[in-house]
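What you see is a predicted model, and the numbers here were worked out from it, not measured in a lab. Letters go in sequence order (proteins before strands), and every chain restarts at 1.
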Number of protein chains: 2
Amino acid sequence: MGKPSEQRKQEIIDATLDLAASLGVKKVTTQAIADHVGIAQPTVFRHFKTRDAIFVAAISSIGEGLFRNLAAFFSGTGPADERLHQLVRAQLRFISQKRGLPRLLFSDRLHLESPLLKQAVQKIMNGYTQQVSRMIREGQAAGLMRQSLDADESAWLVAAMIQGLVMRWSIFDFDFDLAAEAEPLWGFIAAALLVEKGG
Amino acid sequence: MGKPSEQRKQEIIDATLDLAASLGVKKVTTQAIADHVGIAQPTVFRHFKTRDAIFVAAISSIGEGLFRNLAAFFSGTGPADERLHQLVRAQLRFISQKRGLPRLLFSDRLHLESPLLKQAVQKIMNGYTQQVSRMIREGQAAGLMRQSLDADESAWLVAAMIQGLVMRWSIFDFDFDLAAEAEPLWGFIAAALLVEKGG
DNA sequence: TATAATTGCAAGCAATTACTCACTTTTATA
DNA sequence: TATAAAAGTGAGTAATTGCTTGCAATTATA
């Protein structure tokens with residue numbers, strides 16, 4: 001034994017997300033993590049100072065993965081509406097493979113207990129909506145999207161829809177195909193944002 | 001002492017929601033509830049068999065309050081779009097006074113631990129979207145709303161937007177006026193749902 | 001007023017769990 | 001190969017916390 005720390009850290013993060021997905025955050029004890037990784041429980045604390053630090057690292061890990069996954073659409077060159085459509089699709093596909101995310105996102109650990117964790121999430125959400133807002137302004141500048149809607153507000157609402165969708169997915173125990181919701185979701189967003197194509 | 005049980009039950013529910021709003025669900029211990037009500041901790045168990053039963057009762061209490069509050073808009077007589085607008089406004093106003101709600105809704109207690117609590121929430125969500133879906137179909141029948149959008153899907157997405165909004169409100173520590181978000185939210189929903197008024 | 005049910009409490013149990021400590025083994029490096 | 005740092009462990013601790021129990025006070029009712 002005695003793996004390099006970075007590797008073990010990632011194993012611990014992966015175990016945390018796996019366990020959160022299947023058992024819920026509360027049952028992700030340091031013992032459960034250790035068992036899942038195959039190390040002793042005190043060893044977990046060799047790699048993370050506290051249990052909360054593990055959750056923060058897990059959220060950050062997903063956040064980075066998300067941005068890596070969506071970067072192409074944020075800064076692509078095609079028309080803004082098509083890129084937004086693809087963004088929504090890619091995002092739901094990504095999240096549908098990360099069931100641990102809603103479990104962490106909707107945990108009460110997040111919602112008052114751990115300021116650090118909350119800050120990490122706030123940062124991700126702010127970064128995300130800024131990018132979407134920029135895309136909407138591009139769409140407006142290109143005459144593709146309604147001038148009447150405020151870009152920032154609309155970006156927040158698009159984000160809110162996705163969050164609400166993910167929340168329903170989690171509350172209903174992942175019992176529908178999240179990625180498949182991309183099309184009706186885009187139908188709604190397009191109806192709201194895009195200017196009517198005159199016949 | 002020795003109040004009638006129904007009164008004490010309500011006091012316990014109110015205390016639970018108060019504490020959840022200010023401290024987060026995890027810190028709502030039976031001891032904290034007892035202190036807040038002004039009774040001894042074991043006395044709590046005279047009125048609720050388990051701690052979870054308290055949360056279920058609290059969620060149900062809010063659910064009933066919500067439907068009581070929105071019933072008029074669900075079954076009103078005016079045009080569907082105006083009623084939906086008012087519904088959104090009333091709903092956000094109602095929720096903005098119930099900060100304990102998102103704390104419970106986004107607690108990990110809900111998200112795998114307590115099937116009863118989850119069922120209670122699923123029931124409320126289903127009932128809500130059914131009503132909204134019906135309103136949208138009325139709007140479509142009256143020629144006010146786009147035929148191209150599926151009423152059920154749209155109802156879920158409207159609900160998702162509100163949930164996402166409430167979630168942001170909670171993550172950002174209630175630091176913006178939730179009720180004031182009703183107008184931009186309606187602007188977006190209206191753009192999506194309503195048929196363009198031909199000039 | 002006698003009786004039974006309800007509401008109340010102090011004390012404590014049993015289980016959980018994040019985290020520490022003393023110590024050994026492995027890995028890296030000079 | 002000698003040495004130090006890193007990674008690992010078994011055993012244990014301290015704190016929390018949902019819930020039980022035995023008993024007293026209150027309330028309702030006959």
task = Can you check each nucleotide of nucleotides 17-24 of chain C against protein heavy atoms at under 4.0 Å and return B for base, S for sugar-phosphate only, - for none, in 5' to 3' order?
result = SBBB-BB-

Quick one: [X] [atom1] to [N] [atom2], roughly how many Å, whole number?
{"X": "A:I39", "N": "D:dA7", "atom1": "CD1", "atom2": "P", "answer": "11 Å"}
{"X": "A:Q7", "N": "D:dA7", "atom1": "CD", "atom2": "C1'", "answer": "13 Å"}
{"X": "A:E6", "N": "C:dT27", "atom1": "CD", "atom2": "P", "answer": "18 Å"}
{"X": "A:H47", "N": "D:dA6", "atom1": "NE2", "atom2": "C1'", "answer": "9 Å"}
{"X": "B:I12", "N": "D:dG18", "atom1": "CD1", "atom2": "P", "answer": "13 Å"}
{"X": "B:D35", "N": "D:dT16", "atom1": "CG", "atom2": "P", "answer": "14 Å"}

query = Between the side chains of B:H47 and B:E6, does any donor sit under 3.5 Å from an acceptor?
reply =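 On atom types as modelled, these side chains do not qualify, holding no pair under 3.5 Å.
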
ask   = Regarding A:R134 and A:Q131, is there a side-chain donor-to-acceptor distance under 3.5 Å anywhere?
value =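 Checked: A:R134/A:Q131 side chains pair up, N/O donor to acceptor below 3.5 Å.
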
ask   = Stepwise, does the side chain to side chain donor-acceptor pair (under 3.5 Å) test hold for A:D14 with A:Q10?
value = CA-CA 6 Å; A:D14 291 344; A:Q10 195 55 51; 3.2 Å; yes

task = Return the orientation label for the A:F67 and A:F74 ring planes: parallel under 30°, perpendicular over 60°, tilted otherwise.
result =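 If you compare the ring of A:F67 with that of A:F74, the planes turn out tilted.
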
request  = Please examine the side chains of B:Q31 and B:D35, heavy atoms only from C-beta on, and report whether any two atoms are closer than 4.5 Å.
outcome  =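 Yes, side chains in contact.
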
inquiry  = When you compare the side chain of B:R137 with that of B:D152, does any pair of heavy atoms fall below 4.5 Å?
reply    =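 B:D152 reaches B:R137 side chain to side chain.
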
ask   = Closer than 4.0 Å, any side-chain N/O of B:T43 to the OP1 or OP2 of C:dC9?
value =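 Checking C:dC9 against B:T43, a side-chain N or O does come within under 4.0 Å of OP1 or OP2.
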
